[in-house]
Number of protein chains: 2
Amino acid sequence: MLKLLKPAPATPRAAGGTGRGSHSVRGEAAPTRTRPARVPAVAPLAAPAAGIALLQSNSLPALVQRELERMILAGDLPPGAKLNEATLADLLGVSRGPVREAFRALEESGLVRLEKNRGVYVRQIAVEEADNIYELRAVLDAFVGRRVAASADPDAVRELRSHVARMEKAATRNDVDGYLKANLEFHDRLVELAGNAKLLTTYRRLVNELRLFRRTTLAQNGVLPTSTREHRQIVDRIAAADGEGAARALHEHVMASRERMHKASAAPVRDTTTRKSR
Amino acid sequence: MLKLLKPAPATPRAAGGTGRGSHSVRGEAAPTRTRPARVPAVAPLAAPAAGIALLQSNSLPALVQRELERMILAGDLPPGAKLNEATLADLLGVSRGPVREAFRALEESGLVRLEKNRGVYVRQIAVEEADNIYELRAVLDAFVGRRVAASADPDAVRELRSHVARMEKAATRNDVDGYLKANLEFHDRLVELAGNAKLLTTYRRLVNELRLFRRTTLAQNGVLPTSTREHRQIVDRIAAADGEGAARALHEHVMASRERMHKASAAPVRDTTTRKSR
DNA sequence: CTTTTGCAGATTGTTGACAATCTACACCCG
DNA sequence: CGGGTGTAGATTGTCAACAATCTGCAAAAG
C-alpha cells in the first residue's frame with residue numbers, strides 16, 4: 001500500500017529534454033521496483049529541485065562528454081585533432097577516469113576515433129562517408145516530409161516559416177554561420193515534428209557526423225539563395241498538406257546539398273585561412 | 001587558444017578490424033589500411049600477424065563491451081536486469097575501470113541505461129518505442145530494396161535465396177530460434193548489399209535495440225509461413241530488378257512485422273513457462 | 001500497530017599510482 | 001652520409017584504494 005498521494009514530480013528523473021545520450025525511456029513498466037521518491041513531507045520548491053535533478057542525472061563522465069561534444073561540434077577541436085587525456089582532464093578539472101569514459105561514449109556516437117595505445121582523435125569524415133550520410137538523410141527527410149505534411153499544424157508551419165525567415169535574413173547579410181545555425185534548427189525541428197523519437201536521435205547522430213565534414217559547402221557563390229528557396233518550397237508543401245510534394249521537396253533538397261558538397265570538394269577550397277567561428 | 005591541439009597527422013592511421021560480419025554497430029567504414037607493420041622487409045607470417053592485430057586493436061574495454069553486447073543480445077542478460085560492476089569485472093577477470101568504460105559505450109549504443117548512483121540496467125523497450133523503430137526500419141528497408149534491386153547481382157540473389165531456404169527449413173521444424181537467426185542474417189545481408197556503410201551501422205543499431213523487445217512475436221501460430229512467403233517475394237522482386245516492387249515488398253514486410261508485434265503485445269502471451277502475475 | 005529515524009552493508013563515483021606501450025631523438029656502425 | 005638501434009620521455013592502459021551515495025533492516029517514537 002504505497003501512498004503515492006505525494007505529487008510525484010511529473011517526470012520522475014527526466015533530465016534534459018531531447019538531449020543526446022539521455023536514454024531515459026519513460027514509462028518503462030519496471031518489473032523491479034519504482035523509486036520510492038524519498039522527498040520529505042514538504043512540497044519541494046521548484047528551483048532547487050531542478051538543480052537537484054541536474055546533479056542527480058549528471059555524472060562527471062556525462063558532463064565531460066557533453067562538453068567535448070560541444071567543443072568538437074563548435075570546431076574548437078577540429079577533425080583530426082588529437083585529444084590528450086591528461087590535458088583534457090586537467091582542463092576540465094577532473095581526473096582521467098571520467099575523460100576516458102566520455103571518450104568511449106563519444107566513439108560510439110561517431111565523433112571520435114580510438115586507437116589503442118595511440119590516442120583519441122576527432123573523426124575525419126571522408127567524402128564517400130559524407131555522401132553515404134547525405135543519401136541516408138535524404139531518405140529519412142522524405143519520410144519526415146510525408147509525416148509532417150500529414151500532421152499539418154498551423155502553429156508548426158508558422159514556426160517553420162520563422163526559421164526560414166531567419167535563414168533569409170542571414171543570407172542577405174552573407175552571414176554563413178548564422179545561416180548554418182538557422183538551417184540546422186529548421187531541419188531539427190522538422191524531424192522533431194515527425195513525432196518519432198527514434199528517428200530524431202538517428203537523424204541527429206547523422207547530422208552530427210556530417211558536421212565533422214569540412215563545411216565549405218555553403219561558402220560558394222549563390223548557394224545561400226538557392227538553399228533558401230528550397231526551404232521555402234518545403235514549408236509550402238507542408239502547409240498545403242501535400243505529403244508527397246513535401247517528401248519530394250525534402251529529398252531533392254538534401255540531394256542538392258549533396259551535390260553542392262561534391263562540387264565544393266572537387267574544386268579547390270578557397271578560404272584556407274583559419275576561420276575561427278566568431 | 002587551446003594548446004592541447006597538437007599538429008594533427010595529416011593522414012591518421014586507420015583503426016584496424018574492419019568488417020568482420022558481426023552485428024556490432026561500431027566500426028568505421030575506413031579504407032582497409034592496416035597499421036604500418038614495424039617488421040622490416042620480411043613478409044609477415046599470416047597467423048601471428050592476425051593475433052597481433054587482434055591484440056593491438058582490442059583493448060580491455062572493447063572486449064568487455066563486445067562480451068556484454070553478446071550476453072545481452074543472446075538473452076543471458078534479460079531486459080531490466082541490473083548489471084553489477086564488481087560482479088561483471090570479477091566474472092570477466094578485469095577490474096572495474098574497463099567495465100565502466102564498456103557501460104558508457106553500451107549506453108550510447110542503446111543497449112543499457114545508466115542511472116547515476118543507482119546502477120546500470122539492460123534497457124527495456126516500450127511498445128511505443130518498438131513501434132517507432134519498426135517505422136524507421138520500414139523506411140530504410142524500402143530504400144534498401146530499391147538499391148539492391150538496382151544492383152541485381154545473380155550471386156547475391158542466390159545467397160539471399162539460400163537464407164530464405166534456411167528460414168523455410170526452420171519454419172517447417174517450428175524452430176523459432178533458428179528462424180530468428182536466419183531472418184536476422186537475411187536482412188543484415190540485404191542491407192549490406194545496399195552498399196551504404198552508414199546505413200548498415202544505423203540499421204544494425206536499430207535492430208539491436210529491437211531485439212531487446214520481448215520476442216514473442218514469432219511464436220504465434222501461422223506467423224512463420226507468412227513471414228517466409230514475404231521474404232520469398234522480396235527476393236523475387238530483387239531478382240526481377242523491380243526496384244519499386246522490392247521497396248514495396250520490404251516496406252510492407254516490416255510493417256506487417258510491426259502489426260504482428262502489436263497483436264502479440266495486445267494479446268496475453270502464451271508462454272510455456274509459468275509467468276508470475278500479481 | 002504504524003511511521004520515522006538511524007545505522008551497517010553494499011554499490012557506485014572518483015582519484016592517484018603503477019605498468020605497458022609508443023614516439024622521438026641521439027648514437028653507433030657500416 | 002645513411003640506416004638501424006637503443007634509450008628517455010611522454011602517453012595510454014589498468015588497477016586498487018578511498019569517498020560518496022544508496023538500500024535495507026532494525027530499533028525507537030508516536
Side-chain angles (χ1 to χ4, degrees), chain A residues 1-6 12-13 30 32-42 52-53 55-65 81-107 112-121, chain B residues 3-9 12-13 15-16 35-42 52-65 81-107 112-121:
Chain A
M1 313 265 174
L2 284 176
K3 38 184 356 184
L4 289 183
L5 312 173
K6 225 17 117 196
R13 238 176 185 249
T32 53
R33 181 171 326 179
T34 56
R35 182 160 211 190
R38 185 158 274 237
V39 285
V42 188
I52 286 174
L55 256 292
Q56 272 178 338
S57 64
N58 283 343
S59 62
L60 239 11
L63 263 302
V64 174
Q65 179 184 353
K82 181 171 192 301
L83 274 51
N84 183 299
E85 282 184 16
T87 308
L88 281 173
D90 194 50
L91 182 72
L92 299 175
V94 299
S95 83
R96 285 172 50 212
V99 174
R100 283 181 66 86
E101 293 185 30
F103 281 169
R104 290 282 161 192
L106 287 172
E107 183 196 30
V112 304
R113 172 173 47 92
L114 266 61
E115 275 182 60
K116 179 173 157 69
N117 287 326
R118 301 284 313 278
V120 178
Y121 301 85
Chain B
K3 29 187 356 183
L4 56 94
L5 299 182
K6 293 179 92 169
R13 314 197 192 184
R35 192 167 193 158
R38 194 153 270 242
V39 284
V42 187
I52 287 176
L54 207 78
L55 256 293
Q56 273 177 338
S57 65
N58 284 341
S59 62
L60 239 10
L63 263 301
V64 173
Q65 180 185 354
K82 182 170 192 300
L83 304 181
N84 184 298
E85 281 184 14
T87 307
L88 282 172
D90 195 49
L91 181 71
L92 300 175
V94 299
S95 84
R96 286 171 50 214
V99 174
R100 283 180 66 84
E101 293 185 30
F103 281 169
R104 290 283 161 191
L106 287 172
E107 183 195 30
V112 304
R113 171 172 48 95
L114 265 60
E115 275 181 59
K116 181 174 154 68
N117 287 327
R118 302 284 313 278
V120 178
Y121 301 84

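Within the structure, every side-chain polar atom (N or O) of A:Arg96 is placed at least 4.0 Å from both OP1 and OP2 of C:dT15. Close to C:dT12, at under 4.0 Å from its OP1 or OP2, lies a side-chain N or O of B:Asn84. Phosphate contact (OP1/OP2 of D:dG13, side-chain N/O of A:Arg100, threshold under 4.0 Å): present. Between B:Arg118 and the phosphate of D:dT23, there is a side-chain N or O to OP1/OP2 separation shorter than 4.0 Å.
The B:Val94 side chain lies nearest to D:dC15 when the options are D:dC15, D:dT11, D:dT23. Of the candidates D:dG13, D:dT23, D:dT14, D:dT14 carries the atom nearest the B:Leu60 side chain, counting heavy atoms from C-beta on. In this structure, of D:dT14, C:dG13, C:dT14, it is D:dT14 that holds the atom nearest to the side chain of B:Ser59. Looking at the side chain of B:Lys116, the nearest of the listed nucleotides D:dC15, C:dC22, C:dG13 is C:dG13.
Following rounding to the nearest Å, A:Asn117 (CG) and C:dT21 (C1') show an atom-to-atom distance of 5 Å. Here C:dG13 presents its C1' atom at 13 Å from CG of A:Leu63, a figure rounded to the nearest Å. Taking atom CG of A:Leu88 as the reference point, atom C1' of D:dT12 lies 13 Å away to the nearest angstrom. Atom pair A:Lys82:NZ and C:dT23:P shows a separation of 9 Å (rounding to whole Å applied). The separation between A:Glu85 atom CD and D:dA10 atom C1' is 13 Å, rounded to whole Å. Following rounding to the nearest Å, B:Asp90 (CG) and C:dT11 (C1') show an atom-to-atom distance of 15 Å. For B:Glu101 and C:dT12, the CD to C1' distance is 16 Å, given to the nearest whole Å. The CD atom of B:Glu107 sits 11 Å away from the P atom of C:dG13 (whole-angstrom rounding).
Residue contacts for B:Leu114: at a heavy-atom cut-off of 4.0 Å it reaches no nucleic acid atom on any strand shown. Within the nucleic acid shown, A:Gly97 comes within 4.0 Å of at least one base atom, counting heavy atoms only.
With contacts defined as side-chain heavy-atom distances shorter than 4.5 Å, the pair A:Val120/A:Glu85 does not qualify. By the 4.5 Å heavy-atom criterion applied to side chains, A:Glu107 and B:Pro61 are not counted as neighbours.
Between A:Phe103 and A:Val112 the shortest heavy-atom distance is O-CG2, 3.9 Å. Of all heavy-atom pairs spanning A:Ala62 and B:Arg104, the tightest one is N-NH1, 4.2 Å. Contact detail for A:Lys82 and A:Gly119: the closest heavy-atom pair is NZ-CA, 4.3 Å.
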